[in-house]
Amino acid sequence: MSGYTVTYQMRKKKRQRRDKIAAYVLTFLAVIFAAFIIVRFLCAGYTVQGDSMLPTYESGEKRLVNRLIYKVKSPARYDIILFESEDETNKQYYVKRVVGLPGETVQVRDGNVYVDGRKAKSFGKEQILSPGLAADGVKLSKNQYFVMGDNYNNSEDSRSAVVGNVKKTQIIGKVGIKYWPFG
């Protein structure tokens, strides 16, 4: 073999190695960019605050919120949502479960939730002590949702005048996957 052939082969291997590294770097950057786009425009991170969603969610958990889903479809019964208060001066964010849908009547009596006269599924461990605004029934209008925390007796939710019925425009997204702490 001539010296030229050996040099050519060495340069060829070097170039292949360099191309392979460049491909890995570009793939890595593309994945980072895609993750950024997904998190920025489709999802948001949210830290659960307070005990109103116990035992389902614990305070301090970090969860992804799907911001796109409710642009395509409406919230379903028992979805857990993130929404913001209507108070423009003091914005607050809440994580609650959808119990009542537009057009339905929600009532809390005998420690249970009733939707259009039928007993709703219970997610809390105890009976509801305070029916609040739902004692006599709350009729939801178009694009309004009745939400409750799973920790019924330690939750500021649609039974309270502070929160009230949640308009679809207040809803940020559907709460989903826990990403911190692991486990």
Side-chain angles (χ1 to χ4, degrees), residues 42-87 90-183:
L42 304 179
C43 296
Y46 181 75
T47 303
V48 177
Q49 299 168 3
D51 294 331
S52 70
M53 286 303 293
L54 284 172
T56 308
Y57 295 163
E58 293 183 17
S59 186
E61 286 183 354
K62 294 184 184 295
R63 295 193 165 263
L64 286 180
V65 177
N66 182 336
R67 296 177 2 169
L68 182 65
I69 193 166
Y70 296 136
K71 299 203 184 322
V72 177
K73 68 176 200 154
S74 293
R77 186 176 333 280
Y78 308 131
D79 280 358
I80 297 176
I81 62 170
L82 173 68
F83 64 95
E84 61 185 353
S85 64
E86 277 196 296
D87 184 3
N90 187 22
K91 281 202 186 269
Q92 293 221 351
Y93 295 91
Y94 297 91
V95 172
K96 304 292 178 202
R97 187 178 299 276
V98 174
V99 176
L101 303 173
E104 296 178 335
T105 300
V106 179
Q107 183 179 22
V108 176
R109 69 175 192 272
D110 305 323
N112 296 299
V113 180
Y114 294 85
V115 178
D116 288 340
R118 288 183 299 246
K119 190 173 175 182
K121 185 175 179 182
S122 177
F123 292 90
K125 290 182 177 180
E126 67 278 331
Q127 286 200 323
I128 302 168
L129 300 176
S130 173
L133 298 174
D136 295 323
V138 174
K139 175 74 173 162
L140 299 168
S141 63
K142 184 179 181 184
N143 292 321
Q144 282 188 335
Y145 298 85
F146 192 93
V147 298
M148 292 180 70
D150 289 354
N151 188 356
Y152 298 136
N153 297 316
N154 187 22
S155 176
E156 190 173 56
D157 48 39
S158 289
R159 296 172 290 163
S160 160
V162 173
V163 175
N165 299 336
V166 176
K167 296 176 184 166
K168 188 169 183 182
T169 56
Q170 292 174 258
I171 299 173
I172 296 167
K174 183 176 182 176
V175 180
I177 300 168
K178 176 173 92 168
Y179 65 91
W180 186 263
F182 299 115

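Owing to the predicted nature of the structure, the values given are computational and were not obtained by experimental measurement.
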> For the residue pair Arg63 and Thr56, what are the closest heavy atoms and their distance?
Replying inline: NH2-O, 4.5 Å
> What distance separates Leu140 CG from Lys167 NZ, expressed to the nearest 0.5 Å?
Replying inline: 13.0 Å
>> Does either side chain, that of Asp87 or that of Ser85, offer a donor lying less than 3.5 Å from an acceptor on the other one?
In response: no
>> Please evaluate residues Asn151 and Glu126 with respect to the criterion side chain to side chain contact (heavy atoms under 4.5 Å, CB included), reporting the C-alpha separation (whole Å), side-chain torsions for both, the decisive distance (0.1 Å), and the verdict.
In response: CA-CA 8 Å; Asn151 188 356; Glu126 67 278 331; 3.6 Å; yes
>> Please determine whether side chain to side chain contact (heavy atoms under 4.5 Å, CB included) holds for the pair Val162 and Gln92, giving the CA-CA distance in whole Å, both sets of side-chain angles, and the decisive distance to 0.1 Å.
In response: CA-CA 11 Å; Val162 173; Gln92 293 221 351; over 6 Å; no
> Just how far is it from atom NZ of Lys168 to atom NZ of Lys142, taken to the nearest 0.5 Å?
Replying inline: 10.5 Å
> Closest approach of Tyr145 and Ser74, non-hydrogen atoms and distance?
Replying inline: OH-CB, 3.6 Å
>> How long is the straight-line distance from NZ of Lys96 back to CE of Met53, given to the nearest 0.5 Å?
In response: 7.5 Å
> Are any side-chain N or O atoms of Arg67 and backbone N or O atoms of Leu42, one a donor and one an acceptor, separated by less than 3.5 Å?
Replying inline: no
> Counting heavy atoms not belonging to Lys139, are there more than 12 under 6.0 Å from its NZ?
Replying inline: yes
> Per the ring pair (Phe, Tyr, Trp, His ring centres under 6.0 Å) rule, which among Tyr78, Tyr57, Tyr152 passes with Phe123?
Replying inline: Tyr78
> How long is the span from the CD1 atom in Ile171 to the NZ atom in Lys71, to the nearest 0.5 Å?
Replying inline: 10.5 Å
> Taking all non-hydrogen atoms of both residues, which atom of Leu133 and which atom of Ser158 are closest, and how far apart?
Replying inline: CD1-O, 3.9 Å
> Are Ile128 and Val113 side-chain neighbours, meaning at least one heavy-atom pair lies under 4.5 Å?
Replying inline: yes
> Where is the tightest heavy-atom contact between Ala134 and Phe146, given as atom of each residue plus distance?
Replying inline: CB-CZ, 3.8 Å
>> For the OH atom of Tyr94 and the CG atom of Leu82, what is their distance to the nearest 0.5 Å?
In response: 11.5 Å
> CD1/Ile81 to OH/Tyr70 distance, rounded to the nearest 0.5 angstrom?
Replying inline: 6.5 Å
>> Check whether Asp150 reaches the backbone of Gly124 with its side chain - one donor and one acceptor, N or O, closer than 3.5 Å.
In response: no
> Lys91: what forms a salt bridge (charged side-chain N to carboxylate O under 4.0 Å, His left out) with it, not counting sequence neighbours?
Replying inline: Glu84, Glu88
> Closest heavy-atom contact between Ser59 and Asp51?
Replying inline: CB-OD1, 3.8 Å
> Which pair of non-hydrogen atoms, one from Gln127 and one from Asn153, has the smallest distance, and what is that distance?
Replying inline: O-ND2, 2.9 Å
>> Could you walk me through whether Tyr46 and Val175 satisfy the side chain to side chain contact (heavy atoms under 4.5 Å, CB included) test, starting with their C-alpha distance in whole Å, then the side-chain angles of each, then the deciding distance to 0.1 Å, before giving a yes or no?
In response: CA-CA 8 Å; Tyr46 181 75; Val175 180; 5.8 Å; no
